[in-house]
Amino acid sequence: MFNKILIANRGEIALRIIRTCKEMGVKTVAVYSKADKDSLHVRFADEAVCIGPAQSSESYLNVPRIMAAVEITNADAVHPGYGFLAENADFAEVCTEYGVKFIGPSPQMIRQMGDKITAKETMIKAGVPVVPGSGGLIPDIEAGKKIAKEVGYPIILKATAGGGGKGMRVMWSEEEFESQWNMARNEAKASFGNDGMYIEKFIEEPRHIEFQIIGDQHGNVVHLSERDCSIQRRHQKLVEECPSPFMTKPLRKKMGEAAINAGKSINYEGVGTVEFLVDKYKNFYFMEMNTRIQVEHPVTEEVIDHDLIKEQIKVAAGDKIAGKNYLPTMHAIECRINAEDPFNDFRPSPGNITSFHSAKGHGVRVDTHVYAGYKVPPYYDSMIAKLICRAQTREECITKMERALDEFIVEGVKTTVPFHKQLMRNEDFRNGNFHTGFLAEFELKPEKD
Ligand code: MV4
């Protein structure tokens, strides 16, 4: 096992990782920017190193500065968390060259899944269903129009370096092709420095259902059930749950096997997520694979009753996993509490948290790095807490969540709590009747005092 892990991240995930390290008897190093000096991850780590000013490029994204912190603290492993450098293959490579363990898959696995066309080709070889489409880079407009016609409109144009919705365009007819092609390519070039594009049939009203997998260094890969992440707004997830209300035993078996094959095909090591689109006929298609721990991992932890960060650290240290899949025995829902104003287009609302009362009680979990008196900096992601409820059934879980949201009081900044309260009361949500387009049509009612 590792002696000392440096956590190359901030916020709730840095704190989450420190907690598990403490329980495992592993020493911890926090790194922080000047904007985060009063953060709990700094307070609770065994050591803390300031790595630069607030701007991410000067701190949490700055590889030389993080490596300097590794050097002076003599850490023997780095946990990247999610976001920042978590899926940066070059960073994983620098760690390996430096002789510290990057807690995650190899640089090659990260690269292979980071390029979406390569990822798709890999999945086809592994027998994992993918959305029909161009099957490779589109050389130019004319070739693109030809392929789009063959695939059949509506189609979706995606950036091979993309993911999470950037550089993506839906087209309903050939008339739109040229203008949408140009816009998507420019966006991809500006965001990723890579304007390689591919085409897929557009799946209408899909669900986003992802499978948590874990692989060890000995070739074993198992799945830990699904998470339904269809409740999203502009590609930002707001609610995740397990089991998916859409899931059936035979579908879980088929999708779980596909997720395991996806992992085995690249000898996957670490925790990872295989994302699928699922249409209304329950056809499923590989969308992308995330080679990191995800924000929504507590949903899985609650339904299978295992610490995923602990399992992740154990496989990074070379431990073998038990060779069985994990099926949900309960229901869990996570609501992301962001410092945003849901009544004003979810505009970020940084600033001083003047009072903070967390929800508590049986089956209620809150993962957060904030407290009364904490100042939410404007430089980073606006998530300030994750509220996770667990109960025997989905209905009880929603009822518990409503109760927990009523107890959750944050003053000083606007939060997404009122949004979640209304969502939990929505009839379609309660009936499990939703897809990825649900929130685009969800109408928030003004709050009465
Ligand atoms: C799609 C799709 C429909 N058909 N691909 C959005 C983010 C990126 N991961 C892929 N995405 C989509 N790909 C085909 N062929 C619809 C989406 C999509 C979506 C997917 C998951 C969750 C929310 C979404 C919102 C809009 C579009």
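Each ligand, and each atom within it, is numbered from 1 in the order the structure gives.
Distances between N or O atoms of K158 and those of ligand 1 include at least one value under 3.5 Å. Of the N or O atoms in Q232, none lie within a sub-3.5 Å distance of an N or O in ligand 1. Note: an N/O pair closer than 3.5 Å links I203 and ligand 1 by distance alone. Between K201 and ligand 1, an N or O atom pair is found at a separation short of 3.5 Å.
Electrostatic pairing of E269 and K101 counts as a salt bridge here, judged by a charged N lying under 4.0 Å from a carboxylate O. Salt bridge R292/E87: present, at least one basic N to carboxylate O contact under 4.0 Å.
For the pair K414 and F343, the cation-pi criterion (under 6.0 Å, within 45° of the ring axis) is not fulfilled. Cation-pi geometry between K324 and Y326 is met: the NZ or CZ atom falls under 6.0 Å from the ring centre, inside 45° of the normal.
For ligand 1, the atoms lying closer than 4.0 Å to a non-hydrogen atom of E200 are 5 (N), 14 (C), 15 (N). For ligand 1, the atoms sitting less than 4.0 Å from at least one non-hydrogen atom of H208 are 21 (C), 22 (C), numbered in the order shown with element in parentheses.
At least one side-chain heavy atom of M247 sits under 4.5 Å from a side-chain heavy atom of E226. Residues E58 and R65 form a side-chain contact, since some pair of their non-hydrogen atoms from C-beta on lies under 4.5 Å apart. Contact of the F284 side chain with the K254 side chain is registered, since non-hydrogen atoms from C-beta on lie closer than 4.5 Å.
Of the N and O atoms on the side chains of N9 and Y82, not one donor lies less than 3.5 Å from an acceptor on the other residue. No side-chain donor-acceptor contact under 3.5 Å links T416 and E340.
Counting only heavy atoms of the protein, atom 9 (N) of ligand 1 lies nearest to E288 OE1, 3.1 Å. In terms of protein heavy-atom proximity, atom 24 (C) of ligand 1 is nearest to T436 CB, 3.7 Å. Here the protein heavy atom with the shortest distance to atom 16 (C) of ligand 1 is F202 CE1, 4.1 Å. At the top of the distance list for atom 17 (C) of ligand 1, counting protein heavy atoms only, stands M168 CE, 4.3 Å. The protein atom (non-hydrogen) at minimum distance from atom 7 (C) of ligand 1 is G165 N, 3.4 Å.
Looking at V131 against ligand 1, only its side chain comes within 4.0 Å, counting heavy atoms.
Relative to atom 20 (C) of ligand 1, the option among L277, D279, V151 with the closest non-hydrogen atom is L277. Between atom 27 (C) of ligand 1 and the options H235, M287, E204, the minimum heavy-atom separation is to H235.
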